[in-house]
Engineer: 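Just dropping this structure here.
A, B, ... follow the sequence lines: proteins, then strands. Residue 1 opens every chain. Keep in mind that the numbers below use all heavy atoms, side chains included, and drop hydrogens, waters and symmetry copies.
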Amino acid sequence: MTAQMFFIGFFGLAGVWFGIVVFRTYSMVRSALALLFSQTALGAMFLSMQAEFLGVLQIMMMATEMSIMAIFMVMFMMDPGGLGEMDMTHQKRLSLGVGITAFVSAVAVAVFVDWGPLATTAPDAVQQTADLGLELLGRSMLIFETAGVTILTAMIAATAVAIQPVKKASCHES
Amino acid sequence: MTTVLILLLLAIGAYFVAVLEAWVSKGRFQLAAPLFAAIALLGRESILPRKPDRLFFEVGPVLLLLSALLAAAVIPLTPNLIITDLATGALFINAAMVYVLVALLMAGWGPDGAYGMIGGWRFLGQLIAYAMLIVMPLTAVAMRAESLVTTQIVVSQAGLWNIIYQPLGFVLFFIASMALAFLPPFDMMIAKGELAGGVEAEYTGMRLAVFRLGRLVLIITLASAIVIFYLGGWQGSGLPPWAWSAVKILLVTAGMLLAGRFMPRIREAHLLYWCWILGIPLALANIFIVGILVLEFP
């Protein structure tokens, strides 16, 4: 139990640290990969909490997503390499305030909500995977399908907005 | 003990891959050539480029090796010769392999050179092409085994190997594995004739040796994955299980290396087109067919 607590704490702190690194670097690629390792640390926290499927899934999904984010940041930011040490942050007071409020409320929720009786033992990993599958195809199906379709719609909309309209060359031009 | 043994086997396997690759590409079978090449690389100066992103530059090759090794941890060579039999084995292989992309991005970005960087981004384009063709055939494999545990997947093929049960999935997974291991014809990111070596361009000496070792281990790990997912793993009659594993892995590796020899290189944009227009519908059809087969003839 103590080893488990240690690793949860360790990966939690690692996640927070990489999250800070995201804003402490000028390089966009470093920033994106720091976010990746922050998320990987969260995956490792899942693993420490014996939620094997969720942990492996988190570690897998984030690698692709953050890498794709890295190329978008390189494409659209003015100083992707960070060699010019250009400051990319803005509205610092507002974001600090929002960040601290969110942090305090998250901690308050974690501490003050009655979570019910604590589970003393987790089911074994094979059973967890099966349970998760049944859950996703049962009670939670509607929520997940809604989320999935929403994300797909957002992606198609974002692509449609990003593509430049192609003007058909008329015979008068050229 | 198992870990040490598997690491040793991986090292031997990587050596054989190097011999095979030279045999296939240069037409000469030289058993000692990789040894001399390694000594030459280790003896050469390891040049640090000007203004590198030092962290990425150093971590890239190591991460490549590490992700291939992690994936190998859940691959059973015999019923008992496996480092850890995770409940999410098939997913774990996939998760470890995604970090090949992260490693190549780091190695490409790190040295602050145009060729390396473009090579790294090219691999990102390639990942978007092949990724679904890794995951979807694996889904069909897991559906038949009713488990993600790799040993269970092998046992599920006792009656009939998956290569016969779901040949479409095998072909897709095989092609996607070649793209993942950036073997020819999918080697636009490190090919000598393209971008002067691409991701490898700025690496020399020790760091290049680690990068190349990582790639060899990656190839052998992927060949082992194909064997356990589609070729019945250690199963077979007449030979002991470890021998069957070894023979099959070597044959698959030779197949992967040979298959690319007679094809022109495919640009990642074209690969993307074909994978999404043809590959993903085929992979979906494969899941559908296997679903019906599992219900009718388990």
Engineer: Are more than 12 heavy atoms, taken from residues, nucleotides or ligands other than B:E146, located less than 6.0 Å from that residue's CD atom?
Structural biologist: no
Engineer: Pick one of side chain, backbone, both or neither for B:I128, based on which atoms fall under 4.5 Å of a heavy atom in chain A.
Structural biologist: side chain
Engineer: Measure the spacing between OG1 of A:T129 and CG of B:L86 and express it to the nearest 0.5 Å.
Structural biologist: 10.0 Å
Engineer: Does any backbone or side-chain atom of B:L91 lie under 4.5 Å from a heavy atom of chain A? Answer side chain, backbone, both or neither.
Structural biologist: both
Engineer: Check this for me: B:M132, atom CE, are more than 12 non-hydrogen atoms of other residues, nucleotides or ligands nearer than 6.0 Å?
Structural biologist: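 Counting other residues, nucleotides and ligands, CE of B:M132 stays at 12 neighbours or fewer.
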Engineer: Heavy-atom count check: over 12 atoms from other residues, nucleotides or ligands less than 6.0 Å from B:Y115 OH?
Structural biologist: no
Engineer: Need one label for A:L57: side chain, backbone, both or neither, based on atoms under 4.5 Å from any heavy atom in chain B.
Structural biologist: both
Engineer: Could you give the distance from CG (A:L33) to CG (B:L105), rounded to the nearest 0.5 Å?
Structural biologist: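 Here the rounded value is 7.0 Å.
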Engineer: Quick check: do A:R30 and B:W109 have side-chain heavy atoms less than 4.5 Å from each other?
Structural biologist: no
Engineer: Is any side-chain heavy atom of B:M117 closer than 4.5 Å to a side-chain heavy atom of A:V74?
Structural biologist: no
Engineer: Write down the atom of A:V56, the atom of B:F92, and the distance for their closest heavy-atom approach.
Structural biologist: CG1-CA, 3.7 Å
Engineer: Determine the minimum heavy-atom distance between B:A87 and A:E52, stating which atoms define it.
Structural biologist: N-OE2, 3.1 Å
Engineer: For the CG atom of B:N94 and the CE atom of A:M61, what is their distance to the nearest 0.5 Å?
Structural biologist: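 It is 9.5 Å, given to the nearest 0.5 Å.
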Engineer: Less than 4.5 Å to any heavy atom of chain A: does that hold for the side chain of B:L148, its backbone, both, or neither?
Structural biologist: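 B:L148 touches chain A through side-chain heavy atoms alone.
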Engineer: Tell me, for A:S67 versus chain B, whether the close heavy atoms (under 4.5 Å) come from the side chain, the backbone, both or neither.
Structural biologist: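 Both backbone and side chain.
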Engineer: Under 4.5 Å from any heavy atom of chain B, what part of A:A130 do you find: side chain, backbone, both or neither?
Structural biologist: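 For A:A130, neither part sits under 4.5 Å from chain B.
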